[in-house]
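These notes concern the structure reproduced below.
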Amino acid sequence: MTGLTSTVVRLKLALLRNGLRQSGGRRAAYVASAAVTVLFAVLQLIGLIALRGHEHAASLVVLLVAVLGLGWAVMPLFFPSGDETLDPTRLVMLPLRPRPLVRALLAASLVGIGPLFTVLMLVGSVIAVAHGGFAYAVSVLAVVLGLSVCVAFARAVATANIRLLTSRRGRDLAVLSGLVVAIGTQIVNFGAQRLGSAGLGQLDPAADVLAWVPPASAIGAVAAASEGAYAVAVGRLVVSAVALALLVALWARALTRLMTAPDGSTLQAAGPAARDRRTSAGLGGLLPAGRTGAVMERGLRYVWRDPKTKAAWVTSLAIGLIVPVFNALQGTGSIYFACFAAGMLGIQMYNQFGQDTSAFWMVALTISSPREAYVELRARALALLLITLPYATLVTVLTTALLGDWARLPEALGLSFALLGAMLATGAWASARFPYSIPQEGYKNVAPGQAGLAWISIFGGMVAAALLCAPVIALVIWLHVSAGGETWSWTTLPLGAAYGAAVTVLGLRLAAPRTADRLPEILTAVSKG
């Protein structure tokens with residue numbers, strides 16, 4: 001056991017060392033990230049120590065450690081390639097028993113920046129709440145148990161989902177990790193603002209519950225020991241120890257199943273007939289016949305299957321909801337913030353041909369006239385409307401309900417529909433005039449050398465869309481400033497919807513001839529990635 005543990009730890013160090021030897025840029029990036037992480041951890045440590053003696057310090061550190069444990073649990077799902085030893089399938093062919101391997105991998109998991117950051121956070125947490133000799137003794141166990149639970153949690157989750165993480169859907173999760181960070185940042189910002197106005201005391205109810213949930217229960221034990229509740233402290237330590245034992249057992253079981261059970265590559269795939277039945281009974285049966293339905297289905301399949309397209313859509317859906325709703329919850333919002341949803345979703349119309357990449361040549365072969373180009377663009381716009389129209393309506397109604405400003409709901413909906421139509425129109429034109437390639441690998445959304453095209457396409461189109469919405473905006477302003485205009489505010493809904501539809505049709509008709517004439521240039525531009 002000792003020999004296997006030391007071998008796996010040395011393997012982890014060798015992987016790290018050899019990875020840094022590949023290039024000076026990678027070595028500099030690792031050193032810089034390590035320095036920033038350690039600096040941040042040290043600053044957090046100092047801040048936690050400064051909390052010592054604060055009335056609500058225990059509540060804050062319990063919640064902090066709970067979030068830290070959650071981070072350990074979900075990070076392997078979004079960054080499966082961050083640690084090559086997270087993939088135990090690399091060791092399948094070796095004559096290793098699961099339990100000794102679990103101990104070895106657990107030891108190897110303690111090597112890295114993440115464990116160092118966690119240790120510093122745990123040490124700062126126990127210093128913030130520990131008072132008395134018994135509490136300090138419990139603190140030592142709390143740090144060990146807290147770190148072990150975090151690492152075991154990450155390993156158990158990674159092992160149970162390793163087949164997923166190494167598949168296409170796992171890569172989808174990695175692409176969507178930026179979205180999780182963005183949403184998490186908004187939630188943290190919202191929570192920080194609420195804490196700044198109401199104080200740390202409102203954390204007490206949640207902390208009382210989380211103090212019994214590992215790994216926060218380890219810190220909760222230190223807080224209980226400091227208050228003289230020795231039985232509670234021992235109980236929370238026992239909860240942490242039991243959780244660690246269960247996680248290790250689940251990890252060992254998943255590891256055994258992973259290293260002995262066949263995977264999808266050894267099982268017979270479904271036959272062509274079954275795949276055809278699934279296809280015919282799916283989305284295609286609900287869409288119009290002919291080219292329109294085929295193009296709509298292709299676009300919707302991109303949204304569901306292509307990682308880059310999916311990431312862009314989910315990001316737009318999430319941010320389009322977060323901005324108006326969070327502002328409404330804070331009491332600083334306006335019903336017109338709901339137009340943010342239509343704006344974020346309308347961006348998806350830009351660079352329609354870029355998401356096809358080099359496969360656009362198959363689409364180009366079917367376009368020989370402006371009429372065919374118009375049908376192609378119209379179908380792509382309809383596919384977007386299937387999602388954007390009900391979603392923009394839902395966000396607007398939800399924002400209105402949170403603000404209680406039902407009288408202005410028709411205005412907000414009319415503006416949203418007009419903005420959506422304007423962005424569909426300008427997006428169709430920009431797709432034909434400023435196409436650019438989207439690399440399929442990595443995290444870049446624009447191919448090298450085409451960043452200027454992307455900026456012109458998106459931001460120029462957004463400015464044009466805002467100008468196109470000027471008549472509807474002027475109508476809303478006029479109704480507010482004119483005498484008796486409020487009684488006619490409901491007319492902005494049908495007028496905005498009609499204006500958006502008219503602008504969309506006009507934009508598609510203007511973009512169609514340009515699309516048909518520029519097919520070779522579009523194909524060259526979108527194939528560069």
Side-chain angles (χ1 to χ4, degrees), residues 168 171-172 175 279 283-284 287-288 290-313 316 345-388 423-458 460-461 504 507-529:
R168 178 182 59 83
R171 292 191 292 272
D172 290 355
V175 172
T279 302
L283 181 64
L287 298 176
R291 178 174 187 139
T292 299
V295 174
M296 291 177 66
E297 183 175 2
R298 183 186 67 217
L300 294 173
R301 287 187 182 275
Y302 277 152
V303 175
W304 182 250
R305 293 184 176 181
D306 180 63
K308 290 294 182 69
T309 306
K310 181 188 295 186
W313 267 96
S316 296
L345 297 179
I347 292 176
Q348 303 308 315
M349 188 63 187
Y350 293 81
N351 196 36
Q352 273 292 302
F353 307 126
Q355 66 182 0
D356 297 345
T357 62
S358 58
F360 178 70
W361 71 270
M362 292 186 290
V363 177
L365 290 176
T366 67
I367 299 176
S368 59
S369 66
R371 173 62 185 173
E372 292 175 343
Y374 172 74
V375 175
E376 174 76 21
L377 289 170
R378 183 186 64 185
R380 291 177 182 246
L382 288 174
L384 266 69
L385 284 173
L386 283 179
I387 302 174
T388 57
M423 297 200 72
L424 291 178
T426 56
W429 190 87
S431 296
R433 183 63 183 85
F434 302 107
Y436 57 91
S437 179
I438 302 176
Q440 293 302 294
E441 300 296 333
Y443 295 92
K444 293 183 177 180
N445 291 318
V446 182
Q450 294 185 328
L453 287 175
W455 281 91
I456 294 174
S457 173
I458 296 176
T504 300
L508 294 177
R509 291 196 177 278
L510 292 176
R514 183 171 293 273
T515 301
D517 294 340
R518 300 189 72 250
L519 285 177
E521 292 87 345
I522 295 173
L523 180 58
T524 301
V526 302
S527 301
K528 288 185 178 181

Could you go through the side-chain contact (heavy atoms from CB on, under 4.5 Å) check for Glu372 and Arg291 one step at a time? CA-CA 9 Å; Glu372 292 175 343; Arg291 178 174 187 139; 4.2 Å; yes

Distance alone, cut at 3.5 Å: any donor-acceptor contact between the side chains of Gln348 and Ser316? yes

If you look only at pairs with a residue in residues 348-367, which of them pass as a ring-ring contact (aromatic ring centres under 6.0 Å, His included), with sequence neighbours excluded? Phe353-Phe360

With a 4.5 Å heavy-atom cut-off, do Glu376 and Thr515 have their side chains touching? no

Pro370: partners by side chain to side chain contact (heavy atoms under 4.5 Å, CB included), with sequence neighbours left out: Pro513, Ala516

Heavy-atom pair with the smallest gap, counting every atom of Ala425 and Gly507: CB-CA, 3.7 Å

Which pairs pass salt bridge (charged side-chain N to carboxylate O under 4.0 Å, His left out) with one or both residues in residues 353-362, sequence neighbours excluded? Asp356-Arg380

Rounded to the nearest 0.5 Å, what separation is found between the CG atom of Leu300 and the CD1 atom of Ile387? 5.5 Å

Arg518 side chain to Ala432 main-chain N or O, any donor-acceptor pair under 3.5 Å? yes

Can you see which heavy atom on Leu287 is nearest to which on Gly293, and at what distance? CD1-O, 3.6 Å

With rounding to the nearest 0.5 Å, note down the distance linking CG in Asn351 to CD1 in Ile522. 10.0 Å

Do Met349 and Thr388 touch side chain to side chain, with heavy atoms closer than 4.5 Å? no

Separation between CE of Met296 and CZ of Arg301, rounded to the nearest 0.5 Å: 13.0 Å

Minimum side-chain heavy-atom gap Gln352-Leu384 below 4.5 Å: yes

Is there side-chain contact between Thr309 and Ile438, with heavy atoms separated by less than 4.5 Å? no

Using side-chain heavy atoms (C-beta onward) and a distance below 4.5 Å, is Leu385 in contact with Thr504? no

If you take all heavy atoms of Gly461 and Thr426, which pair is closest and at what distance? O-OG1, 3.5 Å

How many angstroms lie between atom CG of Leu377 and atom CH2 of Trp429, to the nearest 0.5 angstrom? 13.5 Å

Hey, what do you get for CG (Leu508) to CZ (Arg378), rounding to the nearest 0.5 Å? 9.0 Å

